[in-house]
Amino acid sequence: MSKVISNNIIREATAEEQANIDAREKAWNDSSATRKLAQIKSLRLEKLIETDWYSNSDVTMPDNIKTWRQSLRDIPQDFTTEEQYDLLLARDEQGNLTHSIWSKP
């Protein structure tokens with residue numbers, strides 16, 4: 001049973017309050033994959049923006065950059081499970097993303 005604060009007094013949650021707490025916790029846990037995918041899409045957008053200048057009319061985009069940008073755009077269809085999202089979001093001790101898809105060629 002959870003504890004709640006009511007009028008500055010800590011007490012045990014009622015059955016109704018506990019059901020509410022449990023429902024909120026379940027909703028949070030159930031949306032884990034959605035939150036991770038949103039974070040991945042944000043990272044992907046940052047990487048794409050870093051190389052947008054290649055698409056200027058006076059610049060020829062190298063094939064390896066074209067391929068890399070396409071692989072970034074394909075992330076949502078190529079990575080579809082929460083376990084795969086965890087791999088994409090993995091970081092080393094310095095906080096750098098470790099999955100090879102994030103490395104610009």
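Starting from 1, each residue takes its place in the sequence as its number. The figures here come from the full heavy-atom set of this structure, side chains too, leaving out hydrogens, waters and symmetry mates.
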If hydrophobic clusters are built from ILVMFWY residues whose side chains come within less than 4.5 Å, do Leu48 and Ile75 share one?
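The answer is yes; both residues are in one hydrophobic cluster.
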May I ask whether Ile65 and Trp102 are part of the same hydrophobic cluster, defined by side-chain heavy atoms of I, L, V, M, F, W, Y residues being less than 4.5 angstrom apart, directly or through others?
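Result: no, two separate clusters.
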Verify, without hydrogens or angle tests, whether [X] (side chain) and [Y] (backbone) share a donor-acceptor contact under 3.5 angstrom.
| X | Y | answer |
| --- | --- | --- |
| Gln84 | Thr80 | yes |
| Ser42 | Ala38 | no |
| Gln18 | Ser2 | yes |
| Asp92 | Gln94 | yes |
| Asn56 | Val59 | no |

Pairwise distance [atom1]([X]) to [atom2]([Y]) - rounded to 0.5 angstrom:
| X | Y | atom1 | atom2 | value |
| --- | --- | --- | --- | --- |
| Leu89 | Leu37 | CG | CG | 9.5 Å |
| Leu43 | Gln39 | CG | CD | 5.5 Å |
| Thr60 | Tyr54 | OG1 | OH | 11.5 Å |
| Lys26 | Trp28 | NZ | CH2 | 15.0 Å |
| Asp86 | Thr81 | CG | OG1 | 8.0 Å |
| Leu72 | Thr51 | CG | OG1 | 7.5 Å |

With salt bridge (Lys or Arg N to Asp or Glu O under 4.0 Å) as the test, would you mind laying out the steps for Arg44 and Asp74 before giving the verdict?
CA-CA 10 Å; Arg44 175 187 67 173; Asp74 290 343; over 6 Å; no
Given side chains that start at C-beta, do those of Met61 and Trp53 come closer than 4.5 Å, heavy atoms only?
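Heavy-atom side-chain distance check fails, nothing below 4.5 Å.
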Any heavy-atom pair between the side chains of Val4 and Thr14 that's under 4.5 Å?
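No, side chains not in contact.
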Ring of Trp68, cation from Arg73 - is the NZ or CZ under 6.0 Å from the centre and inside 45° of the axis?
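Pair Arg73/Trp68 does not count as cation-pi.
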With salt bridge (Lys or Arg N to Asp or Glu O under 4.0 Å) as the criterion, how do Glu50 and Arg69 come out once you've worked through the C-alpha distance, each side chain's angles and the decisive distance to 0.1 Å?
CA-CA 10 Å; Glu50 288 174 12; Arg69 287 172 56 90; over 6 Å; no
Criterion side-chain contact (heavy atoms from CB on, under 4.5 Å) on Glu82 and Ser32, from CA distance to verdict:
CA-CA 8 Å; Glu82 190 165 1; Ser32 174; 2.5 Å; yes
After noting the C-alpha distance and the side-chain angles of Phe79 and His99, does the key distance pass the side-chain contact (heavy atoms from CB on, under 4.5 Å) rule?
CA-CA 12 Å; Phe79 298 85; His99 197 284; 3.9 Å; yes
We want to know whether Asn20 and Glu16 form a side-chain donor-acceptor pair, criterion being a heavy-atom distance below 3.5 angstrom.
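Distance-only check fails for Asn20 and Glu16.
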Can you confirm whether the side chains of Thr98 and Arg91 place a donor and an acceptor under 3.5 Å from each other?
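No.
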Please evaluate residues Lys47 and Lys104 with respect to the criterion side-chain contact (heavy atoms from CB on, under 4.5 Å), reporting the C-alpha separation (whole Å), side-chain torsions for both, the decisive distance (0.1 Å), and the verdict.
CA-CA 8 Å; Lys47 299 293 185 182; Lys104 185 168 67 172; over 6 Å; no
Taking all non-hydrogen atoms of both residues, which atom of Ser6 and which atom of Arg11 are closest, and how far apart?
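That would be CB-NE, 3.6 Å.
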Residues, nucleotides or ligands: over 12 heavy atoms within 6.0 Å of Asn8 CG:
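Open: at most 12 neighbouring heavy atoms sit under 6.0 Å from CG of Asn8.
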